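Quick notes on the structure that follows.
Both ligands and their constituent atoms are indexed starting at 1 by order of listing. From a predicted model like this one, the values you see are computed outputs, not experimental measurements. We're numbering straight along the sequence, starting at 1.
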Amino acid sequence: MIGIAILGATGSIGMSTLDVVQRHPQRFRVIALTAQRQVERMAEQCRLVRPQYAVMVDHQAALALRDALADMDNPPEVLAGAEALETVAQLPEVDYVMAAIVGAAGLLSTLAAAHAGKRILLANKEALVVSGAILMRAVADHGATILPIDSEHNAIFQCLPPQRPDGLAAAGIERILLTASGGPFRNRSLAELEQVTPDQACAHPNWSMGRKISVDSATMMNKGLELIEACWLFATTPEQIQVVIHPQSVIHSMVQYSDGSVLAELGHPDMRTPIAHALAWPERMDAGVPPLDLFAIGQLNFEPPAPERFPCLRLAYEAAANSGTAPVILNAANEIAVAAFLDQRIGFNDIARVVETALNRIPSEAVHDDGLEQVLTVDQQARQIAETIVAELSLAR
Ligand code: NAD
Ligand code: MG
């Protein structure tokens, strides 16, 4: 039996993971579930899969969860606080860690899983964006494995040759084609975007996801974060990655080879496919996803992204080309801006304004060799400055 810890169990990826795992009770055992503060959903999940540990980051929520599970025989041990995320990520009985916390809040637990040599199923792209060098080194040094859950990166992983010791070029790879749906506002003018609401931004045409990544998809910051994520996962540079808008989200990304071949992975826009792929790898197993009906789909379209309509994508390309702390600043400012937009304190186009102003106000510095403290400090500093910029913009509204 393979032991699993699901970090961010109550979220969109967490719930899809539980769906897949429950289809294979002979193969997987859930050791730990974690959430920030959703007590009801966590209590339901605990009754369903009977984990040994349940972590609530919020202390009040942990007390409430203990109460909610008081009548269970053999209830899970309820742990409280952010440090407990690291504890469960390193348990000896845990083989695989699903890293599905949203934002840089998932960084330390993902890093803890790497230090303990686990198989990391990485959904939490922000961890890699802010600490790519540190995380990839920890994975290599401690014999951990990272398998991408992000659908694009999972597709690229499937289209790459298994061994590529000297980088992509030596393996005959010319480019990675990173597909993007273009989000719900693909055809809206920048002027129209000034007025859009959080609910409109979260209504993604193809994928059902948490609110933060849904807003990132609408601004295309998601694709920007994915660009940086791909650079780390596949040891490549931003110039070797082309973003391709593909509104149907049937192709999840492609790899172009020097002989003219382009390999693609196709499927329903259903995260259970990459989750099942990473859980079973190198084997395959049922994900509960129906077969793809190409006749019903009919056609696949492609177009280049319009940089002037998606300033967040441009900012991410610039940050990706910067070898210093620019990606940390980009991510922190974006997290603050998205939260402010969801709270209706700033408008949709202000998200890019906050990120760009933060990048202009904070100088990027080279990342030290053992730079975790530095990354955490820059992250906090960028959050504070981004909050100031949000306050300035909301006053001006
Ligand atoms: P979500 O908002 O639905 O769920 C987030 C989970 O993280 C919840 O369980 C929540 O309790 C927990 N969490 C939130 N803040 C936390 C904190 N400060 N400390 C500890 N736990 C916290 O998000 P999601 O859509 O499932 O996305 C999770 C991650 O996966 C994100 O990094 C996202 O970019 C990535 N991802 C998601 C999808 C998708 O389809 N949803 C696709 C690709 C990648
Ligand atoms: Mg993605």
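Partners of D71 by side chain to side chain donor-acceptor pair (under 3.5 Å), not counting sequence neighbours, listed by chain and number: R47.
The atoms of ligand 1 that sit less than 4.0 Å from any heavy atom of A105 are 17 (C), 18 (N), 19 (N). Near I13, meaning under 4.0 Å from one of its heavy atoms, ligand 1 places the atoms 26 (O), 30 (O), 37 (C), 38 (C), 39 (C), 40 (O), 41 (N), 42 (C). Atoms of ligand 1 found under 4.0 Å from any heavy atom of V57, numbered from 1 in the order shown, are 19 (N), 20 (C). For ligand 1, the atoms closer than 4.0 angstrom to any heavy atom of A9 are 9 (O).
Of the protein's heavy atoms, G11 CA, 3.1 Å lies nearest to atom 4 (O) of ligand 1. Counting only heavy atoms of the protein, atom 13 (N) of ligand 1 lies nearest to Q36 CB, 3.8 Å. Protein heavy atom nearest atom 35 (C) of ligand 1, with residue, atom name and distance: A123 O, 3.1 Å. Looking at atom 28 (C) of ligand 1, its nearest protein heavy atom turns out to be A100 O, 3.4 Å.
Using a 4.0 Å cut-off between charged side-chain N and carboxylate O, E387 and R345 make a salt bridge. Salt bridge status for R29 with E93: absent, with no side-chain N to carboxylate O gap under 4.0 Å. Salt bridge status for R27 with E283: present, with a side-chain N to carboxylate O gap under 4.0 Å. Salt bridge annotation for R41-E44: absent, with no cationic side-chain nitrogen under 4.0 angstrom from a carboxylate oxygen. A salt bridge links D199 with R211; the closest basic N to acidic carboxylate O contact falls under 4.0 Å.
Not a single N or O atom of D150, backbone or side chain, sits closer than 3.5 Å to an N or O atom of ligand 1. Inclusion of R211 in the set of residues having an N or O under 3.5 Å from an N or O of ligand 1 is not warranted. Some N or O of E126 is nearer than 3.5 Å to an N or O of ligand 1, by distance alone. In terms of polar-atom proximity, defined here as any N/O pair under 3.5 Å, S151 makes no such contact with ligand 1. Of the N or O atoms in A35, none lie within a sub-3.5 Å distance of an N or O in ligand 1. Any N or O atom pair closer than 3.5 Å counts here, and M209 shares no such pair with ligand 1. Considering backbone and side-chain N/O atoms, G210 comes within less than 3.5 Å of an N/O atom of ligand 1. On a distance-only criterion, T34 and ligand 1 share no N/O pair closer than 3.5 Å.
With a 4.0 Å heavy-atom cut-off, ligand 1 is reached by the backbone of K125 and by its side chain too. Contacts between I213 and ligand 1 below 4.0 angstrom, taking non-hydrogen atoms only, involve the side chain exclusively.
Using a 3.5 Å distance cut-off with no hydrogens or angles, the side chains of Q374 and E365 do pair a donor with an acceptor. Between the side chains of E335 and N331, at least one donor-acceptor pair of N or O atoms lies under 3.5 Å.
If you look at the Mg ion (ligand 2), the protein N, O or S atoms less than 2.8 Å from it are D150 OD1, E152 OE1, E226 OE2.
Of the candidates L33, I101, T10, D270, it is I101 that places a heavy atom closest to atom 21 (N) of ligand 1.
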